[in-house]
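Take a look at the structure below.
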Amino acid sequence: MPAYRPEEIEKKWQAHWKEHSTFRAQNNSEKPKYYVLDMFPYPSGAGLHVGHPLGYIASDIVSRYKRLQGFNVLHPMGFDSFGLPAEQYAIQTGQHPALTTEKNIDTYIKQLSSLGFSYDWEREIRTSDASYYKWTQWIFLKLFNSWYNLDTNRAEPLTALTAHFAERGSEGINAAGDADERQVFTAGQWQLFTEQQKLAAVHPYRLAYQQDTYVNWCAGLGTVLSNDEVKDGLSERGGFPVERRLMPQWNLRITAYADRLLQGLDNLDWPDAVKEMQRNWIGRSVGASVRFPVFLDEESASFVVRHQQPEHIEVFTTRVDTIYGATFLVLAPEHPLTLQLGQRAYEINTANPEGETTWRNLQSYVEQAKNRSERDRQADAKTITGAFTGFYARNPFTEKDIPVWTADYVLAGYGTGAVMAVPSGDQRDWLFATHFGLPIVQISDAQKDLDKQADPTKEGHYVNSGDINGLTYKEATEQLLGTLDATGTGEAKVTYRLRDAIFGRQRYWGEPIPIYYKDGTAYGIAESDLPLVLPEIDEYKPTETGEPPLGRAQNWLYRGQYPYELSTMPGWAGSSWYYLRYMDPTNEARFVSEEAEKYWGTVDLYMGGAEHATGHLLYARFWYLFLKDLGFVSATEPFQKLINQGMILGRSNFVYRLDFTWHKTHGVDFTFPQVFISHDLVLQYKSASKQEKTVIEDFVFSQFNKAVDEINLANPEIGIAISAVKFDPFHPWHVDVNIVENDILDQIAFRKWRDDLSDAILILNKEGNYICGVEIEKMSKSKYNVVNPDVLIGKYGADALRLYEMFLGPLEQYKPWNTNGISGVGGFIKKFWRLFHPEDGALAVTDEPATPAELKALHRAIQKVQEDIEKFSFNTSVSMFMITVNELTALNCHKRAILEPLVILLSPYAPHLAEELWLELGHEAGSISSARYPEFREEYLVEANVVYPIAINGKVREQMQFAAAATGTEIETAVLASDFLARFGEGKSAKKVIVVPGRMVNVVV
RNA sequence: GCGGAUAUGGCGAAAUUGGUAGACGUGCCAGACUUAGGAUCUGGUGCCGCAAGGCGUGUGGGUUCGAGUCCCUCUAUCCGCACCA
C-alpha cells in the first residue's frame, strides 16, 4: 500500500468488521463487563450532521479502549423510530410512516457505519417494531395492574390491593395518589360489588390510570403534549400555541416515585447541571397544609359563625410561620370550590346588595381564565387580575374571617390550588393586596419598607402573631406545626412540583395502548395477546368526529367485539427501557432474560445530549424503579455515569429587514444607524487578499459601531445593541445561505464576515433596507446551517473526522463548527503514515532496538492517553498523539518496537488506519481490537538530569541542570554557590531557598 | 427573580491540580522547493519595547516563598426553571 488512501481502507475495514462480527458482545464471559450506551437517535429525514457524531465518537473511543483493556464491552445502537415528523410527512403525502422511517434508518445506518463505530449491530432495535413494542406494552400493562403502597414504599401488583379490599375494605390502605378520587367501603360492600364496580374502585389506585386531566392541548399538532414538550406556551416542535384543556387522559403515576427519584440522584455520577435540573423538575418543597373553614349560613348577612358544618379550603404553604399575616385566601379559578361556594354565598346571602355584582364578576372571571391559553397567562404574568368570590374563610389562628378571592396567579395544578395570602411576606400577595386594597399586616419586627414591597425575611421576632409573638422563625414553625396537628386544622406536608405524566397521544405513529373497553370500563388486554399491533389506516389525520387517527381503523376490536383505546403512547415510552432490551434483543419470552439483565446490570457510561435532562432521563429512571419494585431488574439505577456531549453549533446567515414603522408606533424619533458602503469598496473587497479583507472588515465594523453608539447616545430609551439577535423590533428573516449569496448579496453590497463572531453584525445597503447578519446556533435543517459529515469523510476520511471532532475541545463544551483545523489532523495522519512508509512506498519498519528517547516518547503517550480516556479528555490525547509523532519524526524512528504499541494506542481514535497498519505489521488474523493495551513502564520516563528553573522572589531568571537524584539540600547549596545571586540578587542575600524536587527552585531575598 | 455553569493569544484550546502560563492545532509573517496549488518542508509568532527589560489568565482585593489554579468582591456571557405559595 503506497500512499494513505482513506476511502479505500475505511470501506475495506468497515466491511471486514461487519463480515466477521468483530464487535459482537457475548452475554456471558470470563471478562469483566462494560456497557457503553449512546442515546439512540430519532431517524429524521435530514440524516446526520457533524454535531451528531460527537458523542458517538467519544463513546466509541471508550468502547474500543475498554476492549483493549480486556473488557467484554456492550456497545449497541438502535432507533427511536416512533415520532411526529414521520407522521406529519404521512399526513401530507399519504406515505406510510413505517416506510419513511425505514428509509431514514437506512440512511442513518449507512452514515453511522461510514464513521467506523464499533457497534454490535446484531443487537440493533427499533422502537416501532412490534417485536419491541410488544414489551413496551407489556410494561404498560404491569403499570396498569400495579399500585403504589406507601407502607412498603414500593409498587405492588393489584392482587395485593384487592386481597386487602376483600378482607378489610378500603380501610388501612396507604397508597400514593389523590385520596379524594377514591371510594371508602367495607369488606362486606366490596363483596357485593359487581365486577364493574370493583374495577371502578380499583382504577384510581393504578399506576397507569385514566382521569380527566388538564392537559396541554396543541390544536396545531392535534395532540396533547407533556410539560417538557411545551416551551413558553408554544409546542417545542412546530411552535404552535398550546392551551389548557380538561380531557380524559391516560396518566402514569410518576409522582409516587418523586422522593425516590430525588434521593437516587445523590449517588449518580452525572453532571451537576442535569441533577439540578431534575431536582428542580421534581420540585420538592416542605411546608404545611392548613384547612381554613368557610361558614355559610342561611340567616347570615356577614358570614359570621352559625351552626352549619363548614366547608374547608385547604391551602399549602412553605411559610406557616407567616399565618398570622394571612389576610385573605386566593383560590385558582379552576378550583372546584371557587364557583361552588361563590354561588351558594350569592344564593344564601340575598340581603347583600352587592351580592349579584360579585357573583357575576366571579363567573366572568373564572370563564375568562379558563379560556385563556397558557401563553396568554404567561404573557400577562405581570398584570394583576382577580375577583372576589363573595365568601369568607376563617383564619384558624387569628380567628378572623378573611375574604376569599380567585386569581390566576394561583395555579390549579400545584399544591392544593389554593393559597393563604400573606401580603407582608410575599411579593405577589403584596401586589395583589395593594391592587385590590386588602389589608397588609406586619408580622416580624425585621420586616422593612412594607409600604413599598413585601419582605419575606425569616430574621427577627414575630409581632401581631398571637402565640408566636417574640419567637424566631424556627421556634415559631415548630410550635405552629404542633398546634396544627393538635387541633386537626392541618399538618406538615411535602409537596412536589412534579405532575403525573400524561401518557396518551392522539396520534397514529406510536405504540397502541393495550387497553380495551367493555361497557365503558377499561380493561388491559391479556399478556398472551401482545403485541397489540398498530392497525393499518387509510389516512393519518384525526377522524371527522374528532377521534384520534386510530378511530379510522376498520374492525379493530379486541377478540372481535370490544373497542380498543384509540390514543397511542408518547415518544418517551419506547425510549424509557430500550437500554434493557439491548441486553437480550431477540428474546421472545421475556423483555430481557434474568441472566442477561444480571450480567450487564447497569449502564456504565451513558452518552447523550443535555436536552433530555428532565424528559427521557427522568422517565427512564421512573420505569427502572418500577421494574425494580416488581423484581424484574437488579441494580438501583439504570445509568451510573452520564456525560452530556456539547452541541456543535452551525453558522446561520440572516438577512434582517428593518421595520420602518416600529419607532413611529412607539413614538420614538430616531434615525437607524446606516453605514454606507461604496461600490468601489465592495469591488476592492472582492479582489482583496485575506489580510486586506480583515482591514476592510474592521473598518466597516468600527463605522457601524460608531453609528450605533451615536444612536444610543441620542436615544437612551432604545438601547440598540450591536448584536442583531437583540434587535427585538426588527423581526429576523431567516434566509437560506444560497439565496443570500445568489439573490440578495449583490443588493446588500457587503457583508461582515468573521469566524470569531458569536453574534450578528449588521450591515445596511445603500437604501438602508437590509441587514445581513451571522449567528452561531444549533444546527438544524430549518436554519439551513447543517454541515453533513459525508462531505468531510469523502475529503479527509472518517479517521480524520473522528480525530478532528475530538480535537475541537472538551467534549462537554458547546462549540461552533469550523473546518479550519481539520487539515491539521489530516497532516498528523499523513505524518503518522509516513513513520511506517517513509518513502511513500512499501512498509519500512525495522526490528532494531529502540533508543531511550524513543521509548520515552512512546511511554509518555501510553500514560497520557490512558489517563485522558479515563477522564474523558479526548482533545488532549489527540494533542499527545501529535506531539509523539512529531518527536518520532524528528528522531527518524521507524522501529516496530515503538510503532506497534503506538498503533494500538491510536486504534480507538482512528480505527481504520490502525487496522490497516496492524495488518501490514504482520498480524494477519483478527482485528487490532483484540490486541492488548500496551503496558506503561515508568522507568523509561526517568531522566538522569533535570533542568530546574531558578527564580528569585518568584521570577524565573535562569535554568540550571541537576542530577535527578540530587537532594534539596544539594541543590540549594549549588545554587547559592553559583553566581546566581551575584547576577540577579541586586546585592541582597538569600533569606530562604525553596526547592521543590523535580520542579523548581525559588530564592527569596 | 431562583438555580447551574463559564471567562486564558487573532481563533479552538493546554497547564502534571499551588510550582517556567499559552502545550497541540489553526491563523498570520519570513524563507525553501515548485509543474503556481487551498501541496510539502524550515524558522518565527501573548502584548509593549531597537534592546535590556516591563506587562500579562474578565474586575478589584486577600492568603502564600510562589496563584490561571485557593478565599472574598464585582462584572459579563451562556444554560435551565419560573406567578410553585
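Note that these values count all heavy atoms, side chains included, but never hydrogens, waters or copies made by symmetry. Note on naming: letters A, B, ... go to the chains in the order of the sequence lines (proteins, then strands), and numbering restarts at 1 for each one. Since the model is a prediction, treat every value here as computed from it, not as a measurement.
Within the 4.0 Å cut-off from OP1 or OP2 of B:A82, at least one side-chain nitrogen or oxygen of A:R497 is found.
Comparing the same atom, C1', in B:C29 and in B:A67 gives a spacing of 34 Å after rounding to whole Å. Distance noted for atom P between B:U26 and B:G44: 16 Å (whole Å). Rounded to whole Å, the separation between the C1' atoms of B:G68 and B:A30 comes to 33 Å. For the P atoms, the distance from B:G22 to B:G9 is 14 Å, rounded to whole Å. B:U75 sits 8 Å from B:G58 when the C1' atoms are compared, rounded to a whole Å. Distance check on atom P: B:G46 versus B:C41 gives 22 Å, rounded to whole Å. For the C1' atoms, the distance from B:C33 to B:U42 is 11 Å, rounded to whole Å. Comparing B:A13 with B:U64, their C1' atoms sit 29 Å apart, to the nearest whole Å.
Whole-Å rounding puts the A:F874 CZ to B:G25 C1' distance at 19 Å. Taking atom CE on A:M277 and atom P on B:A5, their separation rounds to 11 Å, with Å as the unit. If you take CG of A:D426 and P of B:A82, they are 18 Å apart, rounded to a whole angstrom. The CD1-P distance, from A:I282 to B:C84, rounds to 19 Å in whole Å. We find that NZ of A:K955 is positioned 13 Å from C1' of B:C65, with the value rounded to whole Å. Here the P atom of nucleotide B:C24 and the CE atom of A:M880 are 11 Å apart, to the nearest Å. Atom CE in A:M420 sits roughly 9 Å away from atom C1' in B:A85 (whole-Å rounding). The CZ-C1' distance, from A:R860 to B:A15, rounds to 14 Å in whole Å.
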Using a cut-off of under 3.5 Å, enumerate the N/O to N/O pairs linking the protein to nucleotides 18-23 of chain B.
residue: B:U20; atom: O2; partner: A:Q959; partner atom: NE2; Å: 3.2
residue: B:U20; atom: N3; partner: A:Q959; partner atom: NE2; Å: 3.2
residue: B:A23; atom: N1; partner: A:S879; partner atom: OG; Å: 3.3

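Looking at A:Y414 and A:S285, their side chains do bring a donor and an acceptor atom within 3.5 Å of each other. There is a side-chain donor-acceptor pair under 3.5 Å between A:Y496 and A:D259. Side-chain atoms of A:S877 and A:Y909 include a donor-acceptor pair closer than 3.5 Å.
Of the residues near RNA chain B, A:Y814 and A:K992, the one whose nearest nucleotide (by heavy atom distance) lies more toward the 5' end is A:Y814.
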Inset, instruction - Could you summarise the pairing of RNA chain B as dot-bracket text, marking Watson-Crick and G-U pairs under 3.5 Å with ( ) or [ ] inside the strand and | across strands? - result: (((((((..(((......[....)))((((((.......))))))(((....)))..(.(((..]....))).))))))))....

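Under the 30°/60° scheme for interplanar angles, the aromatic rings of A:F936 and A:H859 are found to be tilted.
Note on A:R291 versus A:E491: salt bridge recorded, some NZ/NE/NH1/NH2 to OD/OE distance being below 4.0 Å. Using a 4.0 Å cut-off between a side-chain N of Lys or Arg and a carboxylate O of Asp or Glu, A:E276 and A:R279 qualify as a salt bridge. Between A:E943 and A:K856 there is a salt bridge, since at least one side-chain N of the basic residue sits less than 4.0 Å from a carboxylate O of the acidic one.
Among the nucleotides B:C81, B:C84, B:A13, the one closest to any side-chain atom of A:W281 is B:C81. Comparing B:A85, B:G25, B:A13 against the side chain of A:Q813 picks out B:A13 as the nearest. Distance from the side chain of A:N280 is smallest for B:G80 among the nucleotides B:G80, B:U40, B:A85. In this structure, the nucleotide among B:C83, B:G4, B:A85 sitting nearest to the side chain of A:D408 is B:C83. Distances were taken from every side-chain heavy atom of A:R428 (C-beta onward) to each of B:C65, B:C84, B:G4; the shortest belongs to B:C84.
Under the ring-ring contact (aromatic ring centres under 6.0 Å, His included) rule, A:Y4 has a single partner from A:Y796, A:F832, A:F828, A:W833, which is A:W833. When each of A:I950, A:V947, A:V1001 is paired with A:Q959, the side-chain contact (heavy atoms from CB on, under 4.5 Å) condition holds for A:V947 and for no other.
Within 6.0 Å of the CD atom in A:E938, the count of heavy atoms belonging to other residues, nucleotides or ligands does not exceed 12.
Syn is the classification of B:U17, since its glycosidic angle stays within 90° of 0. The glycosidic torsion of B:G9 lies within 90° of 0, placing the base in the syn range.
Listed by chain and number, the residues in a ring-ring contact (aromatic ring centres under 6.0 Å, His included) with A:F436 are A:W405, A:F432 (sequence neighbours excluded).
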